[in-house]
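For reference, the structure is listed below as structure tokens.
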Amino acid sequence: MLSLENVDSYYGGSHILHGISLAVREGEVVCLLGRNGAGKTTTILTVMGYLHPRRGTIRFKERDIGGLPPYAVARLGVGFVPQERGIFPSLSVRENLTVFARNARSGYWTLQRVFDLFPGLQARERNLGFQLSGGEQQMLSIARALMLDPVLLLLDEPSEGLAPMIVKEIVDVLKHLRGKGMAILLVEQNLRVALAVADRHHVMNKGEICFTGGSEELENSESVLRSYLSV
Amino acid sequence: MELLVAQLLNGLVYGVLLFFMAAGLSLIFGLMNVVNLAHGSFFMLGAFIGFSIFHLTGSFWLALVLAPIPVVMIGIVMELWFLRPLYARGHMDQVLLTFGFTFVFYDLVQTVWGKVVLTLPTPASLQSTVHIGLGVFSAYRLFLIGFGFAVALLLWLLLERSRLGAMVRAGVDNAGMAAGLGANIPALFTGVFGFGVLLAALGGVVAGPVLGLYPGMDTDILIPAFIVIVIGGMGSLRGAFVGSLLIGIADTFGKAYLQNVALFLIYLAMIIVLLIRPQGLFGIKYADAPPSALARTIMPSTPRTRALALIALLALIALPFGLADYPRALIAEIFIFAIFAMSLDLILGFTGLMSLGHAAFFGLGAYSVAVLGAQFGLNAWLGLVAGVLIAAAGAGLIGFFCVRSGGIPFLMLTLAFSQLVFSVALKWRDVTGGSDGMPLAMQPSFFGFSLSHSLVMYFMTLVFFVAVYLGLRRLINAPLGHAFIGIRENEARMAAIGYPTRAYKLLAFTIAGAIAGLAGGLYVIYNGFISSDAVYWTASGDILIMTMLGGAGTLIGPPIGAAAFLLMKNVVSSYSEHWLSIIGVAFICCVLFFPGGIWGAVQKLQPAGAKP
Amino acid sequence: MNVLELDHLHCAFGKLVVTDDVCLTIGEGERHVIIGPNGAGKTSLINQIGGQLKPAAGRILVSGQDVTGKPPSHISRKGVARTFQRNNLFQNLSVIENLRLALAVAFGNPLDVFSMAARDQALIGRARQLLQLTHLDGEEKCIVRTLSYGGQRQLEIAMALASEPKLLLLDEPTSGMSPAETARMVELIAALPRSLSMLMIEHDMSVVFSIADRITVLHYGKILVTDAPAAIQANERVREIYLGMAH
């Protein structure tokens, strides 16, 4: 469904991604792990079209999307949940959900289904974006991406800065989505979240992918865990 | 009591007209971060096109419906073809671009409809008067208030209750995120810009029967509309509405009961709001705009550049002997404005602060010479010394408040302060002569030679020009100048390595003000006359154009720009009436294609090896 | 006397607490590294010490003098210099001009309007020493924006060293660098005089352990533990935080 081949990406003058290749197949959850500055977020931003690759190709549903602007990528069916969540502070929760929703395609995700998935949001329906807690913002951001009826979700560190209880709730949602066959490209620093949700893992370091494998393989690779993830 | 109600009604009428302007200005700024100085032009175009449609069809209502259409089309073309390529650059370039367009539109209106004041008659159905409890009122004015409130309500519903409005608000909050959710931001920008233009054009048509139509009505409505959005808060519709009514009513009552100080008080109110609540009463906090792309490095002199400079100086000394009186006088004026432009460049090009109020210090210098001469019989040269000191003091005081901000807020604050100075020059008629101006009591001699001789005037201005050029050159190459450049390049880093940057900015502002005062004083000696026009904000805009046209961030650029501007104004205007358009187009091209100005383009032509 | 002392420091953005009752001392010549997950408040802490951010409560003492809430220029003159996580240089000026600006305020007269800044041999001599120290000799006339990314990171360090600080704040000096550039940077930092105190944020553990005398782990704005490197490596709680949810 999504494939990156030898992608090089620059942020300003600095060369961040060095020949990244990875693929997300239909219904698959793929996780990008790595420390800060490893290039995980840059990968997501490059897929979304915020950065354009200098070299290499990005294909989504058989289409080259390397030069498309973000809105065109979104309209092809990619739901984006950025690291900073990107809640519109002066819009209500309901407006945040509906403002760019694509109901015209009569997709699966309606306001009701989204509220069923995140009961907490329904209670806050009339609140403005800036009145939400960090956890609520994260849920709203995921819910808002679902309202676009995407076939692929890009999630950038959904567990960052959240209390363990809330992280667990988000993990449950991601598992639920995986059960529904949603393809997800997940960026995480939290190994537990990654192992709980993803089928395959890529570990990044300094803009390169230095490990690829399944959950079990990752868990048993003491050397990878030690050098790229833990203390 | 009846008078009071009538005044209140008039205030509401003016407030409603301001709202038509301010709503669009504010939305465009909130979403696109563009300060559209051409917004008044769309108001004016709406009024004049409405006038023509009325005369063709005889129907005011048809004019109201049809006139905005061509105006909106012009606005959309401007956004698509001219503004859009600039979004990747700093917001300052967009401000400058829209300023270039004001020249073109002004000239267009002047050419098509002439310079006389026209009036759009009140529609027949509303010519009657209405008797309500407290008195007799014009039906048209009542209609206007109702229409304005209805539009405001509609706008509010559209923005707050519709999905399209939610998209706009989402774009204002976080355009990047909206794009990631499928919002076509460029299209949204065009739509909002067109909508803002529509409101301005509508306002222009309905203003026709109230304000009268004349070239220049664009800036006359733009400046109060600016005050409205600064006070109300940029990007806020509620702020635009409340601010419009406040300013409309305050202005009407002020003119009726406080006459001369009304204008002063309104600018003062704007300054106080900017200082206490920079985001306005209802505004969102706005990010500082990055400075315009002035990618120039420090350039020390080399033997080659010194030789070229010497040749240029010898040429300037030889030049007047082959010229008649008029061109000599014209070049003398160019020298004066070159000094003025270089002084602006010290803050704009070298320190990275865009001021839209630099004419205030030119005015302080000029009026010091003229007023001290008229009131106390002070010799003009002594007056000039006093003028420089007064301008420096004024710049120090005004700068103290302005340098606390940067970017757009700095632009607004300098504009407001200069308009404060303008309001004094305009209204303190006993001393300044207001818009009629005042003459210089006695022209001084220059080392015993009479300045009435064009050659003497030429050399006098040349001496000052060369002195200021060399002085500024020294300053720029000295540690202090490098500190200014460092602030332009990266103020946060300058602070981190130990420079108290605010004090440095104030110093740059004060030196620039003093030199602008010198230029102003020389101008009075040269011209023998000064009027409040010289301190109006458009004079600040002209000097900004000269500096940018020639090439900001260099010392050679501003004199070239001053020469180009004044030659166009004086030479082209004798061949073509459209010198304003020509300057406007030249400036627009300059912003679009030569961000480094004329001198920047010349430098690019040089082979790389020849660069110092 | 301690070079730096943070005394019950508090800071918050709205409801988000980024610095929560932080107490920390850095002795003379100590090389101290702060680690912690994203959003732990590391850069906010450096910003408070550097004066870019004002703390809500608590005190910051530099060599015993209270500098809490003072502007960056004041703190810089007290002997604290810093680098930035994202390169924060004078992009359109040359390498030597960048350094001259930093040197002029520390050792020259920045208000001088008479002399030619480009001919100040004393400052230029100092600048050349700094360039040698940071392996940038030969790049003197290079305009910074054309300098390699790694070169710009090195210049960040040179700029901070220009004022001959007592305390150097380094915000992720190796971020965005290739492995080879990282190795060079570690070498460069390790070779700095031992008398210079350092407070460094770093994510690359190999860098952390090759430089740190002591390590502080920050979590949700709070200090979890401050200890010697070996003790940190063995700390079960730290491993938990780095690997994920605590159960």
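Note: hydrogens, waters and symmetry copies are ignored here, and every other heavy atom, side chains too, is used. Numbers restart at 1 for each chain; the letters A, B, ... are given by sequence-line order, proteins then strands.
Of the atoms belonging to C:A102, heavy atoms from both backbone and side chain fall under 4.5 Å from chain B. Both the backbone and the side chain of C:S115 come within less than 4.5 Å of a heavy atom in chain B. Looking at C:P71, neither its backbone nor its side chain comes within 4.5 Å of chain B, counting heavy atoms on both sides.
Contact of the C:L101 side chain with the B:M494 side chain is registered, since non-hydrogen atoms from C-beta on lie closer than 4.5 Å. C:D112 places none of its side-chain heavy atoms less than 4.5 Å from the side chain of B:L480. Residues C:N88 and B:N490 meet the side-chain proximity criterion, which asks for heavy atoms closer than 4.5 Å.
With respect to chain B, the highest number of heavy-atom pairs below 4.5 Å among C:L89, C:N109, C:V80 belongs to C:L89. Interface summary for chain B: among C:P110, C:P72, C:A106, the most heavy-atom pairs under 4.5 angstrom belong to C:P110.
Within a 6.0 Å radius of CZ in B:F400, no more than 12 heavy atoms belonging to other residues, nucleotides or ligands are found.
Annotation: the span from C:N98 atom CG to B:R493 atom CZ amounts to 8.0 Å, rounded to 0.5 Å.
Shown here for B:A496 and C:S76, the closest heavy-atom pair between the two residues is O-CB, 3.4 Å.
Residues of residues 497-515 of chain B lying under 4.5 angstrom from chain C, judged on non-hydrogen atoms, are B:I497, B:G498, B:Y499, B:P500, B:Y504, B:L507 in numerical order.
Classification of B:E489 and C:R145 as a salt-bridged pair fails, no side-chain N sitting under 4.0 Å from a carboxylate O.
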